Protein chains: 2
Amino acid sequence: MTPEEIVRLYFGFFNEVGIINQLSRAVFEGRLSPGVTVSHFTVLNHLIRVRDGQTPMTLSLAFQVPKTTMSHTLAGLVSRGLVEMRPNPADGRSKRVWITEAGRAFREEAILSIAPDILQLSQVVEPDRVAAVMPALERIRQAMDAERLERDGLS
Amino acid sequence: MTPEEIVRLYFGFFNEVGIINQLSRAVFEGRLSPGVTVSHFTVLNHLIRVRDGQTPMTLSLAFQVPKTTMSHTLAGLVSRGLVEMRPNPADGRSKRVWITEAGRAFREEAILSIAPDILQLSQVVEPDRVAAVMPALERIRQAMDAERLERDGLS
DNA sequence: TCCATATCGTGCGATTTTGCACTACATAGT
DNA sequence: ACTATGTAGTGCAAAATCGCACGATATGGA
């Protein structure tokens with residue numbers, strides 16, 4: 001495989017990923033209560049999937065967004081009572097983000113609200129097909145994550 | 001597979017896709033000349049990959065973004081001389097978007113500028129692995145596209 | 001032909017995202 | 001202990017995104 005073919009292949013891959021992301025985002029956003037963005041939900045989801053009690057800085061690195069963006073997103077979550085910010089006992093500069101009961105409930109509800117869309121899609125794209133690509137996607141994500149950390153000098 | 005398992009599977013899939021998209025976007029954005037956004041490039045790429053001479057409305061549907069967003073993006077491309085907007089002889093309400101020579105050159109250059117990043121990634125994630133997931137991704141995208149068109153009443 | 005309805009693009013304001021700069025705090029070296 | 005340097009979070013302003021509404025044009029039916 002020539003370098004040019006490789007570039008073309010990966011480029012097409014990122015293109016497909018971008019379109020799928022755009023489409024899923026649009027559907028999801030349509031199901032969320034007005035005022036709540038996909039960013040809000042994504043953070044809530046991360047706090048549960050990984051763990052809460054992380055600092056805003058850690059979250060901004062995890063999502064690869066500037067600190068100010070995460071600050072703004074968290075402010076929105078706090079004002080809606082979906083997360084709590086408490087001082088970090090171990091470091092006076094930073095805070096720690098904790099998900100509230102309302103936050104957990106909101107996430108559960110949000111997931112349920114898109115369930116119908118997902119189930120409908122599953123009748124066109126077989127679950128087996130999706131399950132088959134997951135390992136590769138996870139591997140690609142991990143590799144890109146590693147490169148990013150290396151590039152950011154956090155290795 | 002229970003409905004709940006299906007939802008969880010597809011949900012995880014969209015999550016992975018979102019993260020990969022975020023990471024690739026961040027890298028790409030860092031390589032583009034300041035002032036030019038990924039959105040700008042994506043439109044240029046679409047005009048070449050599909051065809052130019054489309055209307056702004058068609059583009060906004062293709063990218064699943066509001067008309068106003070596409071209008072803004074196109075205005076930026078026009079002001080940089082990367083695309084041209086000409087009236088649509090077949091419909092006085094709409095315009096048609098044509099990519100300029102400068103636009104083609106810009107796209108080529110942009111692709112070349114991220115080639116090093118892609119080649120580096122290809123040494124960690126084997127091209128075979130990426131090539132293997134492409135058919136499934138294309139199929140999923142097509143299915144979601146079809147659902148979207150149906151939902152938007154454009155079937 | 002004339003009119004009611006629908007579509008295309010855009011101006012406007014609100015929200016989100018982002019870079020820059022600043023304050024508060026932490027850490028390492030002296 | 002003190003100072004220099006680095007890091008965490010936020011205020012601010014610029015840019016991107018988006019919903020709403022309007023003017024211009026198109027389409028279908030009376």
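A, B, ... follow the sequence lines: proteins, then strands. Residue 1 opens every chain. All values derive from a computational prediction rather than experimental measurement.
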How close or far is atom [atom2] of [N] from atom [atom1] of [X], stated in whole angstroms?
X	N	atom1	atom2	answer
A/Leu74	D/dA8	CG	P	15 Å
B/Met85	C/dG9	CE	P	7 Å
B/Phe63	D/dT17	CZ	P	12 Å
A/Glu29	C/dT16	CD	C1'	10 Å

Nearest to the side chain of [X], heavy atoms from C-beta on, is which of [options]?
X	options	result
B/Thr68	C/dT16, D/dT10, D/dC20	D/dC20
B/Asp91	D/dC18, D/dT25, C/dT17	D/dT25
B/Arg93	C/dG9, D/dT25, C/dA21	D/dT25
B/Val65	C/dT17, D/dT10, D/dC18	D/dC18
B/Met57	D/dT10, C/dC8, C/dT17	C/dC8
B/Pro66	D/dG19, D/dT10, C/dT16	D/dG19
A/His72	C/dT16, D/dA16, C/dG9	C/dT16

Scan B/Ser94 against the nucleic acid and name what it touches under 4.0 Å (heavy atoms): base, sugar-phosphate only, or nothing.
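The residue B/Ser94 makes sugar-phosphate contact but no base contact.
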Do you know the tightest heavy-atom contact between A/Asn21 and B/Gly18?
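Heavy atoms only, the tightest pair is ND2-CA, 3.3 Å.
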Can you find an N or O donor on one side and an acceptor on the other, under 3.5 Å apart, linking the side chain of A/Lys67 with the base of D/dG9?
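Check passes, donor-acceptor contact within cut-off.
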Considering heavy-atom distances to DNA chain D, does A/Arg96 or A/Gln22 have its closest nucleotide positioned more toward the 5' end?
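Going by which nucleotide is closer to the 5' end, it is A/Arg96.
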Ion pair check, B/Arg139 and A/Glu126, cut-off under 4.0 Å:
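A salt bridge is present here (some side-chain N lies under 4.0 Å from a carboxylate O).
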Is any side-chain N of the basic residue among B/Glu4 and B/Arg8 closer than 4.0 Å to the acidic one's carboxylate O?
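Counted as a salt bridge, because a side-chain N and a carboxylate O are separated by less than 4.0 Å.
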ILVMFWY cluster, A/Met144 and B/Leu119 together (side-chain gap under 4.5 Å)
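Yes, one cluster joins them.
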